[in-house]
There are 2 protein chains.
Amino acid sequence: MNSADPTRTPRSRRERPAKPALSRAGIVAAAVHVLRTEGLGKVTMRRLARELDTGPASLYVYVRNTDELHAAVLDELLAEVDLSPAREPGGEWRERLTRLLTSYLEMLFRHPSLARSALTVHPAGAHYLDLVEALLVLLREGGVSDARAAWGVDLLLQYATAMAAEHAGDHPDSLDDTFTAIATASPARHPELARLGDVLVAGGGAGRLSWGFATLIAGIEAAPEPPVTGA
Amino acid sequence: MNSADPTRTPRSRRERPAKPALSRAGIVAAAVHVLRTEGLGKVTMRRLARELDTGPASLYVYVRNTDELHAAVLDELLAEVDLSPAREPGGEWRERLTRLLTSYLEMLFRHPSLARSALTVHPAGAHYLDLVEALLVLLREGGVSDARAAWGVDLLLQYATAMAAEHAGDHPDSLDDTFTAIATASPARHPELARLGDVLVAGGGAGRLSWGFATLIAGIEAAPEPPVTGA
DNA sequence: ACCTGAACACCGTTCAAGT
DNA sequence: ACCTGAACACCGTTCAAGT
């Protein structure tokens, strides 16, 4: 018994800064770091393995696959969303709801590549639950029925996420092509397009976004009650 | 002048079935075929090059990049959408609008992998213009103002596309995890989640979809007029 | 147990060189 | 001009083997 030293894993001290043991949290932290510095495109198993000074196979002990990793990253980023509009009773509920959603959307805009994956990969982490809870609180405050609120939350989050995802593509070529196609629409085959050309292309910015939120909220209030099939 | 034969490119007849000359249309057709048989995941430059009996570099003469290829495939598939509800005056406009959108959505459901890319890559092809035109016609018939219709079309298409994209992920693991997280929400930290648990998870099918369409249409009718900034 | 080297089967895109 | 072989710089995931 020559191992009297209580500090764990003494081993041979290397030049490297200690190489902390692998863990899910460590992997996700590294992933967030790579996301912030280089975008989601670089958040790959192989890249992270290099970052953590190991081989890609090692990560599969803690993460099921790349999609799950991205979901974990998203949940981490969700911590940045400002949920205070749901807590502090300042101002009208619709306006506070819009502020909260805008905060969510701004986070995704800061990491546009993440929005795409956010549409298909639903996180299951604590921060995601916090966000949904906050939205439900605000909708309830607005007198929205439970069934409407439950489905409405999905609609609102999906809209914000899709909005960010569209922006993420940001292929100026592709968008230009679409605009040109609309602008040069033949009045014979596409009379409405030709007539509305300007309006269709106009306003890609904040105005459209807040109109979208207002429209969704109005719809949630005005639409028929969802058919609640009790489980 | 020994080339009296009017048939072009006689060359040396090979075993291969003639190897038609490369063209953008041919590439897109091959891409659609691979999509139908193996999904968008296999619609890659390299795979298509193999399919067309050439090297991947050759495709770049006709297609800017992979995203543009996917957009072209989407526009091709858009031809499957049933636009008749916009032409035949049978039934209420809202109901016809929903039928048209459902047809669009069903197409994406048949090719779920395409929906994801449809969110970020806007097609500029003729079929896409046909679809937008049809939606505009129906909204106009419903007395929706031009500005509302212009922005509303985007909202409706985005909802349908995002719905299909979510379904596309189809990672049963990821969804199960989210459901479990909601079901086991702590009443202390997430009272609304705990209270509404059942309702939140309930109804992933057709009911939710048609509620979504109804909600959006109601919102478009009820929301404030968009601030039309004339170009 | 926990970890990993090496392998398998792929990618997008570019560019110098061929016809 | 139009086309392409070969190269560059990557991927996700698995599995047999090591400690």
Side-chain angles (χ1 to χ4, degrees), chain A residues 3 8-12 14 16 18-28 30-31 34-35 37-73 113 116-117 120-121 169-171 173-174, chain B residues 3 8-12 14 16 18-28 30-31 34-35 37-73 113 116-117 120-121 169-171 173-174:
Chain A
S3 60
R8 296 294 215 88
T9 58
R11 292 182 178 233
S12 63
R14 306 222 205 111
R16 284 281 197 160
K19 189 186 178 183
L22 280 183
S23 70
R24 192 185 156 92
I27 292 168
V28 173
V34 172
L35 172 78
T37 52
E38 301 174 69
L40 193 70
K42 304 283 184 180
V43 180
T44 68
M45 292 304 214
R46 290 183 109 102
R47 177 60 207 278
L48 251 32
R50 237 176 292 140
E51 198 82 9
L52 295 166
D53 200 17
T54 182
S58 310
L59 306 185
Y60 285 83
V61 178
Y62 304 96
V63 171
R64 251 199 303 253
N65 53 40
T66 308
D67 276 349
E68 208 207 71
L69 179 66
H70 288 177
V73 169
S113 45
R116 272 186 95 150
S117 93
T120 35
V121 182
D170 221 309
H171 301 301
D173 293 337
S174 151
Chain B
S3 61
R8 297 292 217 90
T9 58
R11 291 179 180 235
S12 62
R14 305 223 207 112
R16 284 281 200 160
K19 189 185 177 182
L22 279 183
S23 70
R24 192 187 156 92
I27 292 169
V28 173
V34 172
L35 172 77
T37 52
E38 301 173 70
L40 193 70
K42 304 283 184 180
V43 180
T44 67
M45 292 303 215
R46 291 183 108 101
R47 177 61 208 277
L48 251 32
R50 236 177 292 140
E51 197 82 8
L52 295 166
D53 202 18
T54 182
S58 308
L59 305 184
Y60 285 83
V61 178
Y62 304 96
V63 172
R64 250 198 303 251
N65 52 39
T66 308
D67 276 349
E68 206 207 72
L69 178 67
H70 289 177
V73 169
S113 44
R116 272 186 95 151
S117 94
T120 35
V121 183
D170 221 309
H171 300 302
D173 294 338
S174 151

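Lettering of chains follows the sequences in order, A, B, ..., and the numbering in each one begins at 1.
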Query - Value in whole Å for how far the P atom of dT13(C) lies from CD of E68(B) - result: 11 Å
Report summary line: R46(B) CZ to dC11(C) P, in whole Å, measures 7 Å
Query raised in the report: Between R50(B) and dT4(D), does any side-chain N or O lie under 4.0 Å from OP1 or OP2?
Result: no
Query - Rounded distance in Å - OH (Y60(B)) to C1' (dA6(D)) - result: 15 Å
Report summary line: Of the listed dC3(C), dG12(D), dT13(C), the closest approach to the V61(A) side chain comes from dC3(C)
Query raised in the report: Taking only N and O in the side chain of R64(B), is any of them less than 4.0 Å away from OP1 or OP2 of dG12(C)?
Result: no
Query raised in the report: What integer number of Å spans the P atoms of dC10(C) and dA9(D)?
Result: 23 Å
**Report entry** Salt bridge present between E68(A) and R64(A) (N-O < 4.0 angstrom)
**Finding:** yes
Report summary line: In whole angstroms, the gap separating C1' of dC8(C) from CE of M45(A) amounts to 17 Å
**Report entry** Trace of the side-chain contact (heavy atoms from CB on, under 4.5 Å) decision for I27(B) with V63(B)
**Finding:** CA-CA 9 Å; I27(B) 292 169; V63(B) 172; 4.3 Å; yes
Query raised in the report: Once you round it to whole Å, what is the distance between P of dT14(D) and CG of L59(A)?
Result: 13 Å
Report summary line: Across every strand shown, the nucleotide meeting Watson-Crick or G-U wobble geometry with dT4(C) (both distances under 3.5 Å) is dA16(D)
Query raised in the report: Which nucleotide in the list dT13(C), dT4(C), dG12(D) gets nearest to the side chain of A57(A)?
Result: dT4(C)
Requested in this report: Write down the partner of dA9(C) under the Watson-Crick or G-U wobble criteria, each distance required to be under 3.5 Å.
Outcome: none
Report task. Looking only at side-chain atoms of L22(B), point me to the closest of dC11(C), dT4(C), dT4(D). Result -> dT4(D)
Query raised in the report: Distance check: side-chain N/O of S58(B) vs OP1/OP2 of dC2(D), anything under 4.0 Å?
Result: no
Requested in this report: Quick one: pull up CG in L48(A) and OG1 in T54(A) and give me the separation to the nearest 0.5 Å.
Outcome: 11.0 Å
Query raised in the report: For L59(A) and L69(A), what are the C-alpha separation, side-chain angles and deciding distance, and is it a side-chain contact (heavy atoms from CB on, under 4.5 Å)?
Result: CA-CA 10 Å; L59(A) 306 185; L69(A) 179 66; over 6 Å; no
Requested in this report: Would you please confirm or rule out a distance under 4.0 Å between OP1 or OP2 of dC3(C) and any side-chain N or O of Y62(A)?
Outcome: yes
Query raised in the report: Is the closest side-chain heavy-atom distance between P56(B) and T44(B) below 4.5 Å?
Result: no
